[in-house]
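Here is the naming used below: chain letters follow the sequence lines, and residue numbers restart at 1 for every chain.
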Amino acid sequence: MPELPEVEVVRRGLEDHVVGRRITGVEFFGSRVVRRHLPGAPDLAARLVGRRVDAARRRGKYLWLVLSGDDGPGSALLMHLGMSGQLLVEAPDAPDEKHLHARFGFDDDGPELRFVDQRTFGGMAFSELTPGGIPETVSHIAPDPLEEDWDEELVVARMKARDSAVKRALLDQSLVSGIGNIYADEALWRASVHGERLASSLTRPALRRILGHARAVMVEALGEGGTSFDALYVNVNGASGYFDRSLNAYGQEGRPCRRCGTPIRREAFMNRSSYSCPRCQPRPRVRRD
DNA sequence: GAATCTTCCTGGGCGC
DNA sequence: TGCGCCCAGGAAGATT
């Protein structure tokens, strides 16, 4: 599924193939893809037609296309890929995908942009931008570790004040964005910390280490993800090479830990799964869910 | 106000 | 073969 590195690959693809082009046609298939745009699909389409795409930006797993023609901070088409969303740049005569939800045509009659989503957790909406250039509807989302103005010390301080499990804090997008279940497990494995440890019980250096590992693993994934996509195909492919070769914990149940050889365990956590090494990442004495 | 839980959704994989 | 169930995931909104 698309995680932050994959979303960044998509953003770069949009920068290459969509920015600078003027939208001339918009089609939505079904209403679910625009469920966060309360005025509905016709309203969203009307807001987009005739607008040029000036930039493609990202925070965490949110993507947005900055639209031309506004005074002030501007406006954008905000998108989230959810679990299975794909943004594809394709020839207009290419066959429709089974789970096609939206199609955008441009004034140069070149490749169109399509939003395809099997599990329909993804979606899009129109949003005004704040003076800082962030869509208003996601202004509560904290910066992600790959942003230039990422303030690690601020995040460490806020985590230190958290009376909840450190993995829960890592997944809280208002604290730090872009870290999903996979990268949370990988960062905690690298730091040799169990995800149910209370964030407030960890030392500041330990929290720094965890955040540093989260950033590092995403940078490494971005490096690999960036090479596995065709230039004309803005793709999202969670099953690409990186996941097969480089994961140390996530999805590795029963396989030997690459550090100590102990079989990786899987545990239920927050209605999903957590993977960790029983020896390197001992569970805290008092379990917190 | 903070922390936690529920809900949304589809299709692959599995057991029977 | 076909049916039913479980699981995966992010984030908004509801609940504690």
> When every nucleotide of nucleotides 11-16 of chain C is labelled 5' to 3' by its protein contacts under 4.0 Å (heavy atoms), B for base, S for sugar-phosphate only, - for none, what sequence of letters results?
Replying inline: BS----
>> Need one value for A:Arg35: base, sugar-phosphate or nothing, where a base atom within 4.0 Å counts as base even if backbone is also close, heavy atoms only.
In response: nothing
Should the pair [X]-[Y] be classified as a salt bridge under the 4.0 Å nitrogen-to-oxygen rule?
| X | Y | answer |
| --- | --- | --- |
| A:Glu267 | A:Arg265 | yes |
| A:Asp172 | A:Arg162 | yes |
| A:Arg21 | A:Glu15 | no |

> Residues in side chain to side chain contact (heavy atoms under 4.5 Å, CB included) with A:Arg57, at least two apart?
Replying inline: A:Ala55, A:Trp64, A:Val66
> Which residue, A:Arg32 or A:Arg162, contacts DNA chain B at a nucleotide closer to its 5' end, judged by nearest heavy atom?
Replying inline: A:Arg162
>> Measuring from the side chain of A:Asp163 (C-beta onward, heavy atoms only), which nucleotide among B:dC8, B:dA3, C:dC7 has the closest atom?
In response: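 It is B:dA3.
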> B:dT4, C:dA8, B:dC8: which one has an atom nearest the side-chain heavy atoms of A:Ser273?
Replying inline: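 Of the candidates, C:dA8 comes closest.
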Please give, in whole Å, the distance from [N] [atom2] to [X] [atom1]?
| X | N | atom1 | atom2 | answer |
| --- | --- | --- | --- | --- |
| A:Ile182 | C:dC7 | CD1 | P | 18 Å |
| A:Leu175 | B:dT4 | CG | C1' | 15 Å |
| A:Leu81 | C:dA8 | CG | C1' | 16 Å |
| A:Asp117 | C:dG10 | CG | P | 14 Å |
| A:Arg158 | B:dA2 | CZ | C1' | 12 Å |
| A:Leu170 | C:dG10 | CG | P | 12 Å |
| A:Asp172 | B:dA3 | CG | P | 9 Å |
| A:Met159 | B:dA2 | CE | C1' | 16 Å |

> Given the rule that a pair is Watson-Crick or G-U wobble with both distances under 3.5 Å, how would you write DNA chain B in dot-bracket, using | for pairs to a different strand?
Replying inline: .|||||||||||||||
> Can any side-chain N or O of A:Gln173 pair as donor or acceptor with the backbone N or O of A:Gly178 at less than 3.5 Å?
Replying inline: yes
>> What's the separation between atom CZ in A:Arg51 and atom CG in A:Leu48, rounded to the nearest 0.5 Å?
In response: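 Those atoms lie 8.0 Å apart.
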>> Let me confirm one number: the CD-CD1 distance from A:Glu112 to A:Ile23, rounded to the nearest 0.5 Å.
In response: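 A:Glu112 atom CD to A:Ile23 atom CD1 measures 12.5 Å (nearest 0.5 Å).
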> Which pairs with one or both residues in residues 122-144 of chain A pass side chain to side chain donor-acceptor pair (under 3.5 Å), sequence neighbours excluded?
Replying inline: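 Listed by first then second residue: A:Arg58-A:Asp144, A:Ser127-A:Thr137.
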>> Among residues at least two apart in sequence or on other chains, which ones pass salt bridge (Lys or Arg N to Asp or Glu O under 4.0 Å) with A:Asp185?
In response: A:Lys167
>> Is the phosphate of B:dA3 approached by A:Arg168 (side-chain N or O, under 4.0 Å from OP1 or OP2)?
In response: no
> Any side-chain heavy-atom pair from A:Tyr62 and A:Val7 closer than 4.5 angstrom?
Replying inline: no
> Do A:Tyr183 and A:Leu170 have side-chain heavy atoms sitting under 4.5 Å apart?
Replying inline: no
> Only one of A:Glu27, A:Glu90, A:His101 clears side chain to side chain donor-acceptor pair (under 3.5 Å) with A:Arg114; which?
Replying inline: A:Glu90
Output a table of nitrogen or oxygen pairs between the protein and nucleotides 10-12 of chain B separated by less than 3.5 Å.
from, atom 1, to, atom 2, distance (Å)
B:dG11, OP1, A:His99, NE2, 2.8

